[in-house]
Number of protein chains: 2
Amino acid sequence: MLQALRDARFRLTPQRMAICRYLSETRVHPTPGDIYQAVHEQFPTISRATVYNTVAVLKELGEIIELPSAAGDSVRYETDLAPHVNLTCTRCGRIFDIPLENIDDIFEMIDARTDFYLENIHIEGYGVCPECQKALKQEEVE
Amino acid sequence: MLQALRDARFRLTPQRMAICRYLSETRVHPTPGDIYQAVHEQFPTISRATVYNTVAVLKELGEIIELPSAAGDSVRYETDLAPHVNLTCTRCGRIFDIPLENIDDIFEMIDARTDFYLENIHIEGYGVCPECQKALKQEEVE
DNA sequence: CTCTTATTTTAGAATACTTCTAATTTTAGA
DNA sequence: TCTAAAATTAGAAGTATTCTAAAATAAGAG
Ligand SMILES: [Mn+2]
Ligand SMILES: [Mn+2]
Ligand SMILES: [Zn+2]
Ligand SMILES: [Zn+2]
């Protein structure tokens, strides 16, 4: 990620390095707010604008992927570039990763059916995570 | 769509009927703003709140699907409930529909790999539509 | 190492989308 | 026709994102 910034002749500021470090360590599909909060602990002066600017650059460079979001919610960033399925729990909002070997085949299948210049595909699932299933059953009892 | 409202004991107001008519005739994956604008021509007094309230009800009833959106953009609504792939043109923003017969198989495949209670999946593609491909080539020449 | 300049950061303003509020109107049914 | 619950409305409030312009700084030249 840092190397990509360097190669593209972006300056390696401490803020950018901290954002990149957080992004490469997290597994939570963070929102800009999550990133701001995390980096703010090391850089109490960091601005939200810097977070938005930096993710815009990283997205442009293909180092992270912007995941679309539901009405009113904040966007989230995907840091795992390996093709996989994101499962969103509609109760707690967490996103879980599921590997799926034949995503490339699905891509080809779609590509064959359109005149689009197809760049990439996303597959998302929606449902209730195991933990929330338990919680819901518990609520029912009460 | 109207029948679903009736069955669920929601009142059939003229505003709701106009919104439903627009939704069942459009092919454009409209935003709340699109809906407001269209219905506003017949109901100059309609409020944005009514549009948001109505799509919330229709979504709850499963009559429309809320499509997530990119940072800053408005959410869009899917009115075609048959499983299909939405291709978004990253240049003009339009969404195109592509049928894909084995979406159910993909659902099963994902369902088999997780403890989620899986409710549904979305497959989206991103790229450049044929029209915009032409436009881009044209720009290059200049 | 110092200087210079283009890049980057910053705080806060501006904008856009969505949700909320409380008063008014309307619907459906008695 | 009357009533009560439901729905609509305008605008306020809330939240996410983008913009702005001044100040700070990174990186390369000398
Ligand atoms: Mn993921
Ligand atoms: Mn569609
Ligand atoms: Zn959950
Ligand atoms: Zn296009």
Side-chain angles (χ1 to χ4, degrees), chain A residues 1-22 29-61 64 66-77 93, chain B residues 1-22 29-61 63-77 93:
Chain A
M1 204 138 73
L2 292 176
Q3 194 54 50
L5 284 173
R6 246 191 303 266
D7 291 348
R9 300 271 176 270
F10 285 98
R11 292 183 179 172
L12 288 185
T13 65
Q15 291 90 337
R16 280 178 177 159
M17 291 193 280
I19 291 171
C20 288
R21 173 145 26 88
Y22 172 73
H29 305 86
T31 62
D34 293 335
I35 302 169
Y36 175 77
Q37 200 178 338
V39 175
H40 185 260
E41 288 173 20
Q42 300 166 57
F43 282 91
T45 69
I46 199 172
S47 162
R48 281 164 212 284
T50 298
V51 173
Y52 279 100
N53 288 342
T54 302
V55 294
V57 167
L58 291 172
K59 180 182 143 192
E60 196 61 37
L61 295 176
I64 59 178
E66 185 185 293
L67 299 177
S69 63
D73 288 7
S74 182
V75 96
R76 292 181 172 275
Y77 288 95
Chain B
M1 203 138 71
L2 293 176
Q3 194 54 48
L5 285 172
R6 244 191 304 266
D7 292 348
R9 300 271 176 271
F10 286 98
R11 294 182 178 172
L12 288 185
T13 65
Q15 290 88 338
R16 280 178 177 160
M17 292 194 279
I19 291 170
C20 289
R21 174 146 23 90
Y22 172 73
H29 305 85
T31 63
D34 292 335
I35 301 170
Y36 174 77
Q37 200 179 337
V39 176
H40 186 261
E41 288 174 18
Q42 298 166 57
F43 281 91
T45 69
I46 199 171
S47 160
R48 279 164 214 284
T50 297
V51 173
Y52 278 100
N53 289 341
T54 301
V55 293
V57 167
L58 292 172
K59 179 181 144 191
E60 199 59 38
L61 295 176
E63 295 291 304
I64 58 178
I65 296 167
E66 186 184 294
L67 299 177
S69 63
D73 288 7
S74 181
V75 96
R76 291 181 173 275
Y77 288 95

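Because the structure is predicted, anything quoted here is derived from the model rather than measured. Here is the naming used below: chain letters follow the sequence lines, and residue numbers restart at 1 for every chain.
- Mapping B:F10 and B:N53 onto DNA chain C by nearest heavy atom places B:N53 closer to the 5' end of the strand.
- Under 4.0 angstrom from either OP1 or OP2 of C:dT9 there lies no side-chain N or O belonging to A:T45.
- Scored by the ring pair (Phe, Tyr, Trp, His ring centres under 6.0 Å) test, B:F10 finds no partners at all (sequence neighbours excluded).
- Of the residues near DNA chain C, B:R9 and B:V75, the one whose nearest nucleotide (by heavy atom distance) lies more toward the 5' end is B:V75.
- Listed pair B:T31 / C:dC17 fails the phosphate criterion, with no side-chain N or O lying under 4.0 Å from OP1 or OP2.
- Taking atom OH on B:Y36 and atom C1' on D:dT8, their separation rounds to 13 Å, with Å as the unit.
- Looking at B:E66, its side chain never comes within 3.5 Å of a backbone N or O of B:K59 through a donor-acceptor pair.
- For B:Q15 and C:dT26, the shortest distance from a side-chain N or O to OP1 or OP2 is not below 4.0 Å.
- Listed pair A:Y52 / D:dT17 meets the phosphate criterion, a side-chain N or O lying under 4.0 Å from OP1 or OP2.
- For the 3.5 Å distance criterion, the side chains of B:N53 and B:T50 fail to qualify, holding no donor opposite an acceptor.
- Under 3.5 Å, the side chain of A:S47 and the base of C:dA11 form at least one donor-acceptor pair of N or O atoms.
- No donor-acceptor distance shorter than 3.5 angstrom exists from the side chain of B:R6 to the backbone of B:L12, with no hydrogens or angles considered.
- B:R16 comes within 4.0 angstrom of sugar-phosphate atoms only, judged by non-hydrogen atoms across all strands, and of no base.
- For DNA chain C, if you chain together Watson-Crick or G-U pairs that step i with j, i+1 with j-1 and so on, the runs of at least three with distances under 3.5 Å are C:1-30 with D:1-30.
- Spacing between atom CZ of A:R11 and atom C1' of C:dT7 amounts to 4 Å, rounded to whole angstrom units.
- Distances shorter than 4.0 Å separate some side-chain N or O of B:S74 from OP1 or OP2 on C:dT18.
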